[in-house]
Amino acid sequence: MRDEEREGAEPPDLELVQRGRTGDESALGALAKRHHAAAYRVALSLVRRDDLAQDVVQDAFLKAFRALGGFRADASFRTWLLTITANEARGALRRLGRRKETALEDVGEVATEELDPAQAAVVAEEAGRARMMLERLPEKQRLSVSLRIEEGLSFKEIGEVIGSSEGAARVNYFHGIRRLRELME
Amino acid sequence: MSDTTCGTVRELIPDFIGSRLAEEAVETVERHLAECGECRAELELAQMIFASRARAPEGLLDRVTRVTAESRRAPSRTWWGVSAAAVAALALGIGISSERAEMTVDVPGFAYEAEEGDVWSSDDGLIAGAPLFDGLSDESLLQLLDELSVGSPGGAA
């Protein structure tokens with residue numbers, strides 16, 4: 001289950017959006033708390049720099065909250081926000097005049113709390129290698145894999161974020177997975 | 001061997017990892033995984049990706065909350081303020097259309113409609129071996145999925 005995005009008994013996004021439209025700051029704060037980490041991962045996957053990714057997330061939330069009145073709930077708030085984030089990230093890269101960094105600066109720590117130290121070291125090393133290989137995939141394959149596995153988005157939602165059809169998102173995902181398995185061998 | 005196909009299980013692996021599957025589906029996936037090394041390998045890969053996902057930096061949530069709150073509290077420009085700006089711009093020979101364009105919030109409804117060709121300026125096509133799938137028909141995409149040993153959603157592997 002999503003960690004910080006776990007809803008449980010919390011109000012659903014749509015209710016928070018409706019309250020946010022009326023200026024309910026606690027509702028907007030709850031939306032930010034629930035989705036900022038996913039937005040950060042999408043931004044980081046594209047801009048590959050922590051400081052720039054944080055700027056992108058801030059700008060994406062600013063835009064999303066300003067445009068909340070126009071959100072028609074054709075898709076989930078989460079997909080809408082991640083689409084805005086991806087476009088903000090690409091805009092940031094264009095403004096910088098570059099498309100790629102040579103390496104991702106900040107890869108998250110690997111969750112190995114439940115393992116003994118020896119196992120944890122092996123898992124962390126392998127997971128770190130998988131992450132490095134993931135970063136070598138073409139952009140759409142990389143995002144399709146990340147959005148499906150890390151954020152749990154459907155292929156339809158992934159297609160909306162990356163600007164592709166559902167079918168193309170599915171092919172990007174499975175092509176990326178196959179390529180990753182080849183790279184890991 | 002269980003009746004469930006590899007294609008079906010591989011579709012479900014991300015939801016299996018994320019605990020988003022109903023109990024019955026979990027049992028189906030577990031039965032298949034017990035018998036299929038290929039799908040177990042894919043599960044392990046997905047688990048590694050999930051485990052190494054980036055965490056949001058400390059302070060990011062506070063920053064987002066603070067900046068968006070400040071933005072809402074900022075006084076909106078009054079009519080005389082706009083008029084003064086327009087007069088000043090005209091006096092300087094500057095059109096105000098460009099300023100207005102920058103101030104526009106370009107997020108209407110769901111679709112984030114950027115200019116044509118601007119929505120995804122991916123350079124995937126510049127990467128050797130990076131395929132582009134967007135222009136393909138559904139039939140071609142299904143054929144590709146078959147070649148990737150996935151098959152159509154829920155269908156044969």
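Predicted model, so just to flag it, every value in this text is computed and none were measured. Lettering follows sequence order; numbering is per chain, from 1.
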**Student:** Taking the side chain as every heavy atom from C-beta outward, state whether B:Ile49 and A:Ser146 have any pair of such atoms under 4.5 Å apart.
**Tutor:** no

**Student:** On a heavy-atom basis, which atom in B:Ala54 and which in A:Leu44 lie closest, and how many Å separate them?
**Tutor:**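 In terms of heavy atoms, the two residues are closest at CB-CD2, 3.9 Å.
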
**Student:** With a 4.5 Å cut-off on side-chain heavy atoms, are B:Arg72 and A:Arg66 touching?
**Tutor:** no

**Student:** Quick one: what part of A:Arg181 sits under 4.5 Å from any heavy atom of chain B, side chain, backbone, both or neither?
**Tutor:** both

**Student:** With a 4.5 Å cut-off on side-chain heavy atoms, are B:Leu45 and A:Met133 touching?
**Tutor:** no

**Student:** Under a 4.5 Å heavy-atom cut-off, does chain B meet the side chain of A:Leu68, its backbone, both or neither?
**Tutor:**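 Neither the backbone nor the side chain of A:Leu68 comes within 4.5 Å of chain B.
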
**Student:** Any side-chain heavy atom of B:Ser71 sitting closer than 4.5 Å to one from A:Phe65?
**Tutor:** no

**Student:** Apply the test side chain to side chain contact (heavy atoms under 4.5 Å, CB included) to residues B:Thr68 and A:Leu28: give CA-CA distance (whole Å), side-chain angles for both, the deciding distance (0.1 Å), then the verdict.
**Tutor:** CA-CA 9 Å; B:Thr68 53; A:Leu28 296 173; 6.0 Å; no

**Student:** Determine the option with the most heavy-atom pairs under 4.5 angstrom with chain A, choosing from B:Ile13, B:Asp15, B:Thr65.
**Tutor:** B:Asp15

**Student:** Heavy atoms, side chains only, cut-off 4.5 Å: are B:Glu11 and A:Phe155 in contact?
**Tutor:** yes

**Student:** Considering only heavy atoms and a distance below 4.5 Å, find which of A:Ala60, A:Gly29, A:Gly91, A:Ser164 pairs most often with chain B.
**Tutor:** A:Ser164

**Student:** With side chains defined as the heavy atoms from C-beta onward, is the minimum distance between B:Glu44 and A:Met184 less than 4.5 Å?
**Tutor:** no

